[in-house]
**Student:** 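Just dropping this structure here.
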Amino acid sequence: MKILIKNGRVIDPANNIDAVLDVYINGALIEKIDRDIPEKKGDVHVIDASGAIVAPGLIDVHAHLREPGYEWKETIKTGTMAAVKGGFTTLVCMANTSPVNDNGSVTEAIVEKARSEGVCRVFPCGSITKGLKGEELSEIGEMFKAGIVAISDDGKSVKNAGLLRMAMEYVTIFHIPVISHCEDEDLSKGFVNEGRASLLSGLEGIPSIAEEIIAQRDMTIARYVNSHVHLTHISTRGSVDAINQEKRRYKQISCDTCPHYFTLTDEATLTFDTNTKVNPPLRSKEDVDAIKRGLKNGTIDIIATDHAPHDLTSKDVEYNLASSGISGLETAFSLSLALVREGVLSMKELLEKFTINPARMLKLPFGTLTPGKPADLIIFNPDTPWVVDTKEFASKGKNTPFQGMELTGKNLLTIVDGKIVYRDKGFGR
Ligand SMILES: [Zn+2]
């Protein structure tokens, strides 16, 4: 199929493009980007993108698809449907499934399922340790052959620093990063941010140092063994400062934060709404400001979703008993567009953090509209208002603290591999 997208504002940070242009897609590849590409009669599907932005498809380096093992929370099918609705064309799925993705056959099964049922690209992340138990290394070589793009014990950090060092040294053979969930196990037994929120609610707190000591430890080990560490869902001022310092002397460090860490403060947890329960916890205003500064000055390279869908019963309990996580794929990009309106980032800088930066981090050939590359792209309107309604979520996970919130900016159309996989009801018909 051939698709011609006319008159959109094309923004491709990787190629420093920001202009009103046409995009011509031939089969699975982008063939041409130019001014006024003529409409040839016949088999070309023409899309009018006037007034909208055409950008590379978004890449999420951190999502939980729950399959295999927790299909009542999410499946590869529903998770990828949520992804393309939210503007994502590629995502990395974490290893905390059942069975855990700690060997080649589980990786193969996920890759195969994603190929047959997924509507966007899915790359598995293998676990660092078998069963996420922190005791012995997973079958990393086997998983790499089967298609993993990173390893992580996400959900917790690897407590044994010697084992983590071994993993970091080992993955240098495969040139893949270790993704670190930075929370010290013994310091993070609480439920909300330690400070005002824990004081007022009486819920046990998680101090910011729980994150910061692990962030520093993991960067120090990576530097020592010359390996790439990616710190995921960074939430505190101390982490931003430490990463900023470490990046000055060691290059193979990258990091991401998630929309909830720059949109909400720990005030939100005072409602006892379990949809605000997430690990690491929502932090203070001071931390939120630091996260925004880190995004602006480039300390934070990537915005990820940490999409963590849950069934209702996992959340419909007391705060301390509720599962942690936010169903994020369908709100992440819209929430992040607020950073542009606030003047924290330019549109190009924001798109960098969703496209070319994650592609480079994972060494994937996506995240750009360069002719000859796979045709993964989105058309969105940064000004369209809409109200978050979980009844309309493609994800099975309705757990979001943003239910009922009015957001500005909406994905309208998603193309993966040259095929239209999502179209907003109101667009182009
Ligand atoms: Zn995590």
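Numbering of ligands and ligand atoms starts at 1, following listing order.
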**Student:** Got a donor-acceptor contact below 3.5 angstrom from the Ser334 side chain to the Gly409 backbone?
**Tutor:**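 Answer holds: yes.
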**Student:** Would you check if the side chain of His310 reaches a backbone N or O of Ser324 as a donor-acceptor pair within less than 3.5 Å?
**Tutor:**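 Yes, because the side chain of His310 sits within donor-acceptor range (under 3.5 Å) of the backbone of Ser324.
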**Student:** By atom name, which N, O or S atom belonging to His181 lies closest to the Zn ion (ligand 1)?
**Tutor:**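 In His181, the heteroatom (N, O or S) nearest the Zn ion (ligand 1) is ND1.
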**Student:** Would His233 count as a contact for the Zn ion (ligand 1), in the sense that one of its N, O or S atoms lies under 2.8 Å from it?
**Tutor:** yes
**Student:** Tell me whether Arg237 is salt-bridged to Glu212, with the criterion being a basic N under 4.0 Å from an acidic carboxylate O.
**Tutor:** no
**Student:** Of all the heavy-atom pairs spanning Ile234 and Tyr261, show the shortest one and how long it is.
**Tutor:** O-CD1, 4.0 Å
**Student:** Of the backbone and side-chain N, O or S atoms of Asp154, does one lie nearer to the Zn ion (ligand 1) than 2.8 Å?
**Tutor:**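 Yes, since at least one N, O or S atom of Asp154 sits under 2.8 Å from the Zn ion (ligand 1).
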